[in-house]
Chemist: 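Please find one structure pasted underneath; my questions will follow.
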Amino acid sequence: MLMKRRTLFGALASVLALGIGLATAQPRTGGEMVIVSGENPRHLNPAVQSGVATAVPGTQIFASPLRVDENWNFHPYLAQSWDWSDDGLSLTLNLVDNAVFHDGVPVTSADVAFSIMTIKANHPFQTMFGPVEAVDTPDPHTAIIRLSAPHPALLLALTGALCPIIPQHVYGDGQDVRDHPANNAPVGSGPFRLAEYRPGEQITLERFDDFFIDGRPYLDGITIRIVRDAASVTLSLESGEADAGIITDASAITRLGATDGLTVTPRGFEGIGPIQWLAFNTRVAPLDDVRVRQAIAYSMDRDFILNALMRGVAASQQGPIIESSPFFNPDMPSYNLDLDRANALLDEAGYPRDADGNRFTITMDTIPGRDSALGNVPEYLRSQLREVGINVELRTSPDFPTWAGRLASGDFQMSMDVVFNWGDPVIGVHRTYLSSNIRPVIWSNTQGYVNARVDELLAEAGSTLDTDARRALYAEFQDIVGAELPVYWINALPYHHVFDDRIELPLSIWGMMQSMDEVYWTEDR
Amino acid sequence: MGTLRYILQRLFYGLILITGVVVLNFFLIHAAPGDAAEVIAGEMGGITEEMMAEIRANYGLDQPILVQLGLYLSQILRGDLGMSYHFNQPVTTLIGQRVGATILLALSAQVLAMVLGVVLGVLAARKPQGILSGFVSVFSTVGYAAPVFWTGLMLVVLFSVVVPIFPVEGMISARFRGDAFDYALNVLHHLVLPASTLAILFLAQYARLSRAAMIEVLGADYVRTARAKGLGEWRVTFHHALRNAVLPILTVAGIQFGNLISGALLVETVFNWPGMGRLAFDSVLRRDYPTLLGVLFFASAVVVIANLLTDLSYRLADPRIRTGGR
């Protein structure tokens, strides 16, 4: 009898547990999420401002035509479907008919056209909509993007923070969009609307009840807390004052990874593709000699950098295209520790050791403001290069403009740098290697690298729609720059998402830089 | 000299001083390499040189530096501190949003430091060779010598991580929802650590000063007389002696005002306190000239006014100063 009762209770408990299990599998509505951010946005309009700090709030406030998932597949968002023309010179977007801005005005194709042309004219990433000639609007829910040449990065450029649809009735008033007052009080059609913005302190977003996707967003609100001190960012995540955040510091990643109740993951940064590299000024001796650049690459122990200096939290990165991208070529030339070869190359290049064993002295700059993320890599490079007879003088810059000024004006020999891929190579990779992009501005081809075949390959890959054909073109490009090393790619910067275990947070290639209408608490906080 | 004439004269010198501060700061900031356009390029992930030129033209950075200075000074005369390059908002608005937080922090720290410092100093002075006196001396020296950001971080580790009773950062909880009373409580909760950090720095000075002043006063004839009259030790210490020892303490309180503001700058950065210090810190890094100059202008004006008020209160309190010491 007793046995029977236990069985009955057991069965009942199982049914209950199953019920609860099923209940948690369903998204729950309600609750707020606090995100801690180490950076302060200039404003909240991603149409005219790139960067993570603007993109995270900006993609909650503004909806974009498309979304992309973690496998680089595109999905409907404001556009419920899209069609390429056969010649690849026009893309038709069929918009949903129930989307409204936070002020109640319907979203139409005119807003889409206005947004794309505004972004083309004002956004720093000129290649995103470079080939766009016009956007036609045959009816309020159809927008046709007309191109001067096929543009393979167009679909990606229509996702996330790259293409916020901004209201023409607000931004089309003749004022300069880059300094528009509405950038600090934006009106979008995204899942959350701005409730309060205290610059430099806090951005409070609340659920937009008339969001065009029924039942979304699941959260009642998102608060972004701006905390400029890196240690305080870590502590507020550890103490539960914040529920989610983005961190790059290896020791913070290790520490928070060991904290109960927190998920720490490198996923969600495939889109930005942050690469840490050593840039060479290829116009000045001794770095104008490819053998010297190769010798430097052969002096480094990649495993030591990844496992010891970066504490095992950074991913390998041996080329110009982030390794998680479908266009990365794993067979490109790679360099690992081989001091004999490095010495031989330097001898061959005509830089023999003197009586003290030195060959030459070289200056190395480092990008300021990323000290914790760079780890001790600059010091390690210095000690390794001494092994092969190269003296390195480390030159630090007190702040970003000092460093940027040196690189932009060519007043450097080599420099540690952090550069983002921004999804498609057309947007974030070409700029570093095209000879036409040798310009006196930061993150252009400041290395002064010139290779006619590379120029050809990039031009072709930038106007070919077929992914396999592009992959082949980029493979050859990576083979060439891998051999010529205008840049020595060290590792992927260890960007990580941190969030409370009880939050269900789908991470696409854009991570938190895409609409978070699908985010929910699996249980009460 | 009449008090009104004195005030006018001091105000005139104050204006010259503030102008000097503005001009000097203007040249210092512009002497640093790079400008706001490069910062914006950095935050943008790289921009074209055309955009850079446009930004420089918009902000007037392409003008000769003396022209920029002239424009800036004429702007200030009209009560306009310009637009922040970073926040794209009037600098006066930005300062207005933050001045309350800085004043709250600075005054709380000042009061805390004065009250605790004087009490500790007085207690220590009663037995100059005692244990408490030794403790006050050591604590004051360590508190004064320790960098304020280090003290702050140690307090955070201790009271926000090891014993989590105070919040890590900010002035108000990110999740705060409630009425005005709850708001005040929430701010008070957040205020404890930053105010204590800043107070520890100044507490040391007040404790040492009041200890020294009290030792001197307690040895004076009138204190001996008071004791001889049979007054209680408490009354002698706090009624007769402290009243006479308090003048140098007030002097220091006035002079310290500028230091208090600069101390608040560091404390605000450590505790993410949304005051003017953090605004100044961020604008240095961003080459946000209008904001930084605005904050420095505002801070120097406040210090000049505070010093003037201190001097005036002296003249009212001590007739010897009013009559030029004759």
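Letters A, B, ... mirror the listed sequences (proteins, then strands); counts begin at 1.
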Chemist: Using a strict 4.0 Å threshold on nitrogen-to-oxygen distance, state whether A:Glu241 and B:Arg175 make a salt bridge.
Modeler: no
Chemist: Considering residues, nucleotides and ligands other than B:Phe166, do more than 12 of their heavy atoms fall under 6.0 Å from its CZ?
Modeler: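 Yes, CZ of B:Phe166 has more than 12 neighbouring heavy atoms, counting only those of other groups under 6.0 Å.
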Chemist: In terms of heavy-atom proximity below 4.5 Å to chain A, should B:Val39 be classed as side chain, backbone, both, or neither?
Modeler: both
Chemist: For the interface with chain B, which of A:Gly200, A:Ala408, A:Ala231 has the highest count of heavy-atom pairs at distances below 4.5 Å?
Modeler: A:Gly200
Chemist: For chain B, which candidate among A:Arg225, A:Gln202, A:His123 shows the most heavy-atom pairs at distances under 4.5 Å?
Modeler: A:Arg225
Chemist: Using non-hydrogen atoms only, which part of B:Pro164 is less than 4.5 Å away from chain A: side chain, backbone, both, or neither?
Modeler: neither
Chemist: Could you tell me whether A:Arg406 and B:Glu38 make a salt bridge, using a distance below 4.0 angstrom between a side-chain N and a carboxylate O?
Modeler: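 Looking at B:Glu38 together with A:Arg406, the answer is no, because their closest N to O distance does not fall below 4.0 Å.
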Chemist: For the candidates A:Thr402, A:Thr223, A:Thr204, A:Ile367, which exhibits the highest count of non-hydrogen atom pairs separated by less than 4.5 Å from chain B?
Modeler: A:Thr402
Chemist: A:Asp243, A:Val419, A:Ile442: which one forms the most heavy-atom pairs within less than 4.5 Å of chain B?
Modeler: A:Asp243
Chemist: So with a 6.0 Å cut-off around CZ of A:Arg255, is the heavy-atom count from everything else above 12?
Modeler: no
Chemist: Quick check for you: to the nearest 0.5 Å, what is the distance between A:His180 atom NE2 and B:Asn88 atom CG?
Modeler: 11.0 Å
Chemist: Can you confirm whether B:Arg177 sits close enough to A:Glu32 that some side-chain heavy atom of one is under 4.5 Å from a side-chain heavy atom of the other?
Modeler: yes
Chemist: Inspect the contact between A:Arg228 and B:Glu268 and indicate whether a charged nitrogen and a carboxylate oxygen are less than 4.0 angstrom apart.
Modeler: no
Chemist: With a 4.5 angstrom heavy-atom cut-off, could you sort out which part of B:Phe271 is near chain A: side chain, backbone, both or neither?
Modeler: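 Contact with chain A involves no heavy atom of B:Phe271 at all.
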Chemist: Can a donor-acceptor pair be found, under 3.5 Å and without considering hydrogens, that links the side chain of B:Asn272 to the backbone of A:Ile226?
Modeler: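 Answer holds: yes.
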Chemist: Checking B:Arg98 against A:Glu201 for the salt bridge (charged side-chain N to carboxylate O under 4.0 Å, His left out) test, could you report, in this order, the C-alpha distance in whole Å, the side-chain angles of both residues, the deciding distance, and whether it holds?
Modeler: CA-CA 10 Å; B:Arg98 286 159 175 79; A:Glu201 194 189 348; over 6 Å; no
Chemist: With chain A as the partner, which of B:Leu153, B:Val157, B:Ile172 has the greatest number of non-hydrogen pairs under 4.5 Å?
Modeler: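 Sorted descending by pairs with chain A, the first entry is B:Ile172.
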Chemist: So what's closer than 4.5 Å to chain B heavy atoms on A:Ser232: side chain, backbone, both or neither?
Modeler: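 Backbone plus side chain of A:Ser232, per the 4.5 Å heavy-atom cut-off to chain B.
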Chemist: Distance-only, no hydrogens or angles: does the A:Asp399 side chain make a donor-acceptor pair with backbone N or O of B:Arg287 under 3.5 Å?
Modeler: no
Chemist: Hey, mind stepping through A:Val227 and B:Val168 against side-chain contact (heavy atoms from CB on, under 4.5 Å) and telling me if it holds?
Modeler: CA-CA 10 Å; A:Val227 176; B:Val168 174; over 6 Å; no
Chemist: Quick one: which of A:Asn183, A:Asp229, A:Asp179 has the most heavy-atom pairs under 4.5 Å with chain B, could you say?
Modeler: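 The residue among A:Asn183, A:Asp229, A:Asp179 with the greatest pair count is A:Asp179.
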Chemist: Taking the side chain from A:Arg198 and the backbone from B:Gln97, do they hold a donor-acceptor pair closer than 3.5 Å?
Modeler: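 Not confirmed, A:Arg198 side chain does not pair with B:Gln97 backbone.
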Chemist: Is chain A contacted by the side chain of B:Ser173, its backbone, both, or neither, given a heavy-atom distance below 4.5 Å?
Modeler: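 When you check distances to chain A, only backbone atoms of B:Ser173 fall under 4.5 Å.
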Chemist: Counting heavy-atom pairs under 4.5 Å with chain B, which one of A:Ser444, A:Pro401, A:Ser236 comes out on top?
Modeler: A:Pro401
Chemist: Determine which residues belonging to residues 39-54 of chain A lie within contact range of chain B, meaning some heavy atom pair is under 4.5 Å apart, and list them by number or answer 'none'.
Modeler: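 From residues 39-54 of chain A, the residues near chain B are A:Asn40, A:Pro41, A:Arg42, A:Val48, A:Gln49, A:Ser50, A:Gly51.
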